[in-house]
Every structure is written in structure tokens, then in C-alpha cells.
Amino acid sequence: MGFRLPGIRRASFAVTQAASKAVEVPKGYLAVYVGEKMKRFVIPISYLNQPSFQELLSKVEEEFGYHHPMGGLTIPCKEEAFLDLTSRFNDL
């Protein structure tokens, strides 16, 4: 369960690849790039307060540091793992 924003396809806030460069990040949200294909997701900044999301970010920092060539936060985990994690936040 979730809510929809214009230009956003699913409750997981996935942005279509074709529109990803044209879509601006709304206030209160953050763009992240996930997986090998660097798929762009726009997520609520409230996710940053979730302990499991903080743990994911800590692992990313330990392994990859702070270099984010896409201009947004880069999370090099599998898309499925990211979607599984963030879908749990929608249930809260």
C-alpha cells in the first residue's frame, strides 16, 4: 500500500528509465541509483530514519565510500533486495 505521485509508477517510487533524467526530485524525496544498471528510484527522505536502511547505507559506505558518479546516492545492491527492503517501509 502506498500513494502515487505524478510520473512515479509504483508505490516503491520506481521511475521509468526513459523519464528518469527528466523527472525532478520532489521536496521531501531523494534520488538513489540501484543495482548494476543504476536504475533510478525516488524515495521519501523518511527512509533515512529506518534502521534497516541505515544499515544498508553503512554497508555501502564501508565497501564503496562516498563516490557517487551519478550525482545521487549510489546503492550497488540488487534491485530486488532494494525493493524488498523499501516495500517493508510502506507497510508501517
Side-chain angles (χ1 to χ4, degrees):
M1 186 166 203
F3 57 94
R4 292 180 177 238
L5 294 174
I8 310 279
R9 292 183 81 174
R10 299 186 325 194
S12 65
F13 305 102
V15 178
T16 62
Q17 289 179 339
S20 67
K21 293 182 181 171
V23 176
E24 291 185 26
V25 179
K27 186 175 182 175
Y29 289 80
L30 147 82
V32 296
Y33 296 87
V34 179
E36 289 181 18
K37 296 181 181 177
M38 294 296 171
K39 186 170 182 180
R40 183 176 190 235
F41 293 86
V42 178
I43 61 171
I45 59 171
S46 63
Y47 284 10
L48 298 174
N49 292 324
Q50 298 294 329
S52 53
F53 198 80
Q54 291 175 2
E55 184 179 335
L56 173 64
L57 293 178
S58 292
K59 289 178 182 177
V60 169
E61 176 193 355
E62 285 176 20
E63 191 166 339
F64 299 100
Y66 290 107
H67 181 66
H68 303 286
M70 298 295 293
L73 182 62
T74 304
I75 302 175
C77 70
K78 293 185 183 265
E79 285 181 37
E80 296 82 22
F82 179 79
L83 291 172
D84 180 57
L85 177 71
T86 56
S87 70
R88 289 186 240 150
F89 303 152
N90 293 327
D91 296 333
L92 298 177

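- Side-chain atoms of I75 and F53, non-hydrogen and from C-beta on, do get closer than 4.5 Å to each other.
- Nearest heavy atom pair, residue F82 against residue C77, reads CB-SG, 3.9 Å.
- Side-chain atoms of F89 and S52, non-hydrogen and from C-beta on, do get closer than 4.5 Å to each other.
- Rounded to the nearest 0.5 Å, atoms CG (L85) and CD (E55) are 9.0 Å apart.
- Contact of the Q50 side chain with the L56 side chain is not registered, since no non-hydrogen atoms from C-beta on lie closer than 4.5 Å.
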Worked verdict on F41 versus L83 for side chain to side chain contact (heavy atoms under 4.5 Å, CB included): CA-CA 10 Å; F41 293 86; L83 291 172; 3.6 Å; yes
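- M38 CE to E36 CD: the interatomic distance, rounded to the nearest 0.5 Å, is 9.0 Å.
- The heavy-atom pair separating V25 from R40 by the smallest distance is CG2-NH2, 3.1 Å.
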Side chain to side chain contact (heavy atoms under 4.5 Å, CB included) between V60 and L73, worked out: CA-CA 10 Å; V60 169; L73 182 62; 5.7 Å; no
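- Contact annotation: the side chain of Y47 never approaches that of V32 to less than 4.5 Å [non-hydrogen atoms, C-beta and beyond].
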